There are 2 protein chains.
Amino acid sequence: MAVTLKEVAELAGVSRSAVSRTFTDGASVSARTREKVEKAAKTLGYRPSLIARSLATNRTKLIGLVANNFQNPAFLDVFDLFTSELQKRELRPLLVNLSGETSPRKIVELLRQYSVDGVIVATSTLPTSFATAFQTAGIPVIHTFGKFQANANVHVVGIDNEYCGAMAAQTFAERGYKTVALLGGPESATSTQDRSTGFVQTAKKLGLDVAKISYAENYTYQAGRDAMREVLDDRRVEAVFCGDDLICMGAMDAARAAGQSIPEDIGFLGFNDIGMASWDSYSLTTIRQPIRDIIMSSVELVVGMVENPGRSPEIRLFPCSVIDRGSLRPVTDP
Amino acid sequence: MAVTLKEVAELAGVSRSAVSRTFTDGASVSARTREKVEKAAKTLGYRPSLIARSLATNRTKLIGLVANNFQNPAFLDVFDLFTSELQKRELRPLLVNLSGETSPRKIVELLRQYSVDGVIVATSTLPTSFATAFQTAGIPVIHTFGKFQANANVHVVGIDNEYCGAMAAQTFAERGYKTVALLGGPESATSTQDRSTGFVQTAKKLGLDVAKISYAENYTYQAGRDAMREVLDDRRVEAVFCGDDLICMGAMDAARAAGQSIPEDIGFLGFNDIGMASWDSYSLTTIRQPIRDIIMSSVELVVGMVENPGRSPEIRLFPCSVIDRGSLRPVTDP
DNA sequence: AATTTTTTTGCAACCGGTTGCAAAATTCTC
DNA sequence: GAGAATTTTGCAACCGGTTGCAAAAAAATT
């Protein structure tokens, strides 16, 4: 069915090598041969088979993109950006849906079988060991949105979740909130743990009372709504820091359903700044992470890794910022 | 780096063919040989290279998944379902982000170079010719969410958009609306065109007055909000049929911002039934398409195509249903 | 035990490219 | 225009598997 090197070579009256060389950049071919070959290739509609090339060069131009949060709208941007950035560099994303799977073994095997050039693990919930497993198997890997550790043994691109938690406490303090609550994402997620730590520590330091800590079961509206009930039990709570915008919106609706108004009776601070955060019905004040920067950087890094696998592990952190909308009361004058 | 057939063969004391055969199901190997090979493979950590296998068998187990709507939450489900269904069958999705691109040429070349076994074009906006281009290039293709035509020349799995438009008109009539409007998705999308046709025709038939027809520029909240302004100019409009839930939510907020209440002053009917449709703030009555069924069927079909490329083009349509929530007034008693 | 039938095995060619090497062709120098 | 230096070219081996075919081994039949 497909046209091969050989056929082109015959039509052009040259050797197979010559054809191969015209399609390999940096190879030595005279202008005349190149012309003949290109003409023949065009008339036959020839394209080199990347599979065959991969076998010979040991490069597939495939990048494994493994993710486990297909429910959250925040990941729409992630997919969009990753795919288009990779495409720009002539790389192809091989998408792996982790779903419940949390052990790296099978996934590593799988991507090894496809000889992917590199892997991007895009999740804020899994421990570093997940990404490390690829490294151990000799596959260049980046953990995007991952937890960073001082003694890094794997590339991480993302944010400082602990610091973001601190930012949240700071934000509450600036607006004069005294009694606050934390409504995190799933407790097993590393990002949840880090944000909690930062939040609680700094709250204490600033003299805030963290009256309630609770966790949503997953990153959904419904989980947020459910988890909020617990928080509502404590009528003293003036503001809630949520581990995710979607969870936050569920929580807001739970509060409203209980007759509270936002931000007069209770304030909300979200996380991620998804598109919906700016909708009229929520107008959510939230902490934005610079997703675009994170992803651009991840792609650059994975390309760098492929070219130079020896690179030592690097941590790249980007600053987050509070996007002020209407779900918290304004900063109190000093 | 990687362990090869040859090394396993040597360790096991058999020929390379024997090793190959133990890893190919349906091949003839004696129990004793298999055992020796498996042991050797385990100690070496051998996995057959799918790239090399592909070259020999002409099967890659890669399925191109091409999509162009990475903004819409409706696609989260789509990605989730496609990836997990494909994974179940040991197939890998190679994701292609069409973004603005609307010509199939480059994409066909690209997927041809990767020798994908099949392609799923998942979009409701592109004309049939897009999918046909793959067919012409000899690549099995399914157009999921595509426009179907009586003289089908390509597999289509999805819904009857024209009929859905008619359902919408019917739904309005049942509830006693007289003067209605259509706020479609982008005008160039085939699904928009079909739904409009069905809606307008049936509205006329049922004696409804379609006072206004307008189109959002893309499938976003903001576009819906903007497009709704036009509709609001005509104060007679009692209900609006939107081409997409996200657009609809934007439109609802525009109406509310203009002081109208839903459903008392104006009713809304959405399309897709995305997760947010059931949120308190919208409680959107909408037409649901059975995404799960559509995708399961698409995957089955693409597998069928790979096994038997000669299959003649098939149309598979699934029924939609109205999910009744709170954005339309109730059915009037007869 | 000899013969026939069936199963298992290894050989060798092939899938469609790349690439080191040496020969051939071209270009440069004087 | 001869010789040296450089560029281009084709040969052949290789990447890591699969598979048709015939020989070898095992099982079944007499």
Side-chain angles (χ1 to χ4, degrees), chain A residues 1-38 40-41 44-62 90 109-117 138, chain B residues 1-38 40-41 44-62 90 109-117 138:
Chain A
M1 181 79 221
V3 184
T4 78
L5 208 55
K6 203 172 133 200
E7 304 171 51
V8 178
E10 277 161 12
L11 181 60
V14 297
S15 72
R16 289 163 60 227
S17 327
V19 179
S20 172
R21 287 189 178 108
T22 50
F23 287 96
T24 313
D25 25 41
S28 148
V29 235
S30 68
R32 199 144 49 86
T33 318
R34 154 157 276 131
E35 203 184 340
K36 279 193 291 182
V37 170
E38 276 173 353
L44 294 176
Y46 169 78
R47 294 280 137 162
S49 152
L50 294 186
I51 299 291
R53 175 177 288 173
S54 297
L55 191 55
T57 60
N58 211 19
R59 284 285 175 85
T60 54
K61 299 211 164 209
L62 290 173
E90 309 235 280
E109 282 313 325
L110 195 157
L111 290 173
R112 208 159 67 98
Q113 285 199 291
Y114 272 104
S115 322
V116 294
D117 286 346
Chain B
M1 180 82 221
V3 184
T4 78
L5 207 55
K6 201 172 135 201
E7 304 171 49
V8 178
E10 276 161 13
L11 181 61
V14 297
S15 73
R16 290 164 59 226
S17 326
V19 179
S20 172
R21 287 189 178 108
T22 48
F23 287 96
T24 313
D25 24 42
S28 149
V29 236
S30 68
R32 200 145 48 85
T33 317
R34 153 157 279 132
E35 203 183 338
K36 281 193 290 182
V37 171
E38 276 171 354
L44 294 176
Y46 169 78
R47 294 280 137 162
S49 152
L50 293 187
I51 299 291
R53 175 177 288 173
S54 297
L55 191 55
T57 60
N58 210 21
R59 285 282 176 87
T60 54
K61 299 211 164 208
L62 289 174
E90 309 235 278
E109 281 314 323
L110 196 158
L111 291 172
R112 207 158 68 98
Q113 285 199 289
Y114 273 102
S115 322
V116 294
D117 286 346

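On a predicted model such as this, the values are computed, not experimentally measured, just so you know. To find a chain, count down the sequence lines: A is the first, B the second, and so on, and within it residues start at 1.
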Output side-chain donor-acceptor pairs under 3.5 Å for residues 25-32 of chain A, partner residues at least two apart or in another chain, one line each.
{"unit_1": "A:Ser30", "atom_1": "OG", "unit_2": "A:Thr33", "atom_2": "N", "d": "3.3"}
{"unit_1": "A:Ser30", "atom_1": "OG", "unit_2": "A:Thr33", "atom_2": "OG1", "d": "2.6"}

Which side-chain N or O atoms in residues 50-60 of chain B pair as donor and acceptor under 3.5 Å with protein atoms at least two apart or in another chain?
{"unit_1": "B:Arg53", "atom_1": "NH2", "unit_2": "B:Phe23", "atom_2": "O", "d": "3.2"}
{"unit_1": "B:Ser54", "atom_1": "OG", "unit_2": "B:Leu50", "atom_2": "O", "d": "2.6"}
{"unit_1": "B:Ser54", "atom_1": "OG", "unit_2": "B:Arg59", "atom_2": "O", "d": "3.1"}
{"unit_1": "B:Thr57", "atom_1": "OG1", "unit_2": "B:Arg53", "atom_2": "O", "d": "2.9"}
{"unit_1": "B:Thr57", "atom_1": "OG1", "unit_2": "B:Arg59", "atom_2": "N", "d": "3.3"}
{"unit_1": "B:Arg59", "atom_1": "NH2", "unit_2": "B:Val306", "atom_2": "O", "d": "3.3"}
{"unit_1": "B:Thr60", "atom_1": "OG1", "unit_2": "B:Leu62", "atom_2": "N", "d": "3.3"}
{"unit_1": "B:Thr60", "atom_1": "OG1", "unit_2": "B:Ser115", "atom_2": "O", "d": "2.8"}
{"unit_1": "B:Thr60", "atom_1": "OG1", "unit_2": "B:Asp117", "atom_2": "OD1", "d": "3.3"}

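Atoms CG and CD, from B:Leu110 and B:Gln113 in turn, are 6.5 Å apart once rounded to the nearest 0.5 Å.
Within residues 45-56 of chain A, the residues approached by DNA chain C to less than 4.0 Å at the level of any non-hydrogen atom are A:Tyr46, A:Arg47, A:Pro48, A:Ser49, A:Ala52, A:Arg53, A:Leu55, A:Ala56, in residue-number order. The stretch residues 18-28 of chain A touches DNA chain D through A:Ala18, A:Arg21, A:Ser28, each having a heavy atom under 4.0 angstrom from the strand. Of the residues in residues 109-116 of chain B, none has a non-hydrogen atom less than 4.0 angstrom from any atom of DNA chain C.
Smallest separation of non-hydrogen atoms from B:Val37 and B:Val14: CG2-CG2, 3.9 Å.
Residues that satisfy the side chain to side chain contact (heavy atoms under 4.5 Å, CB included) test with B:Glu10, not counting sequence neighbours, are B:Lys6. The side chain to side chain contact (heavy atoms under 4.5 Å, CB included) check on B:Glu38 picks up B:Arg34, with sequence neighbours excluded. Annotation: side chain to side chain contact (heavy atoms under 4.5 Å, CB included) contacts of B:Glu109 (sequence neighbours excluded): A:Arg47, B:Arg112. Under the side chain to side chain contact (heavy atoms under 4.5 Å, CB included) criterion, A:Leu5 pairs with A:Arg16, A:Val19, A:Ser20, A:Tyr46, sequence neighbours left out.
Mapping heavy-atom proximity under 4.0 Å, the span of DNA chain D touched by chain B runs 5' to 3' from D:dG16 to D:dC21.
The overall bend of the helix from C:dA1-D:dT30 to C:dC30-D:dG1, read as the angle between its terminal helix axes built from five base pairs each, is 30° when rounded to 10 degrees.
Each of A:Ala31 and A:Ser17 has a nearest nucleotide on DNA chain D; the 5'-most of these lies closest to A:Ala31. Between A:Arg16 and A:Thr33, the residue anchored closer to the 5' end of DNA chain D is A:Thr33, taking for each the nucleotide with the nearest heavy atom.
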Contacts under 3.5 Å, N or O only, protein and nucleotides 24-26 of chain C:
none

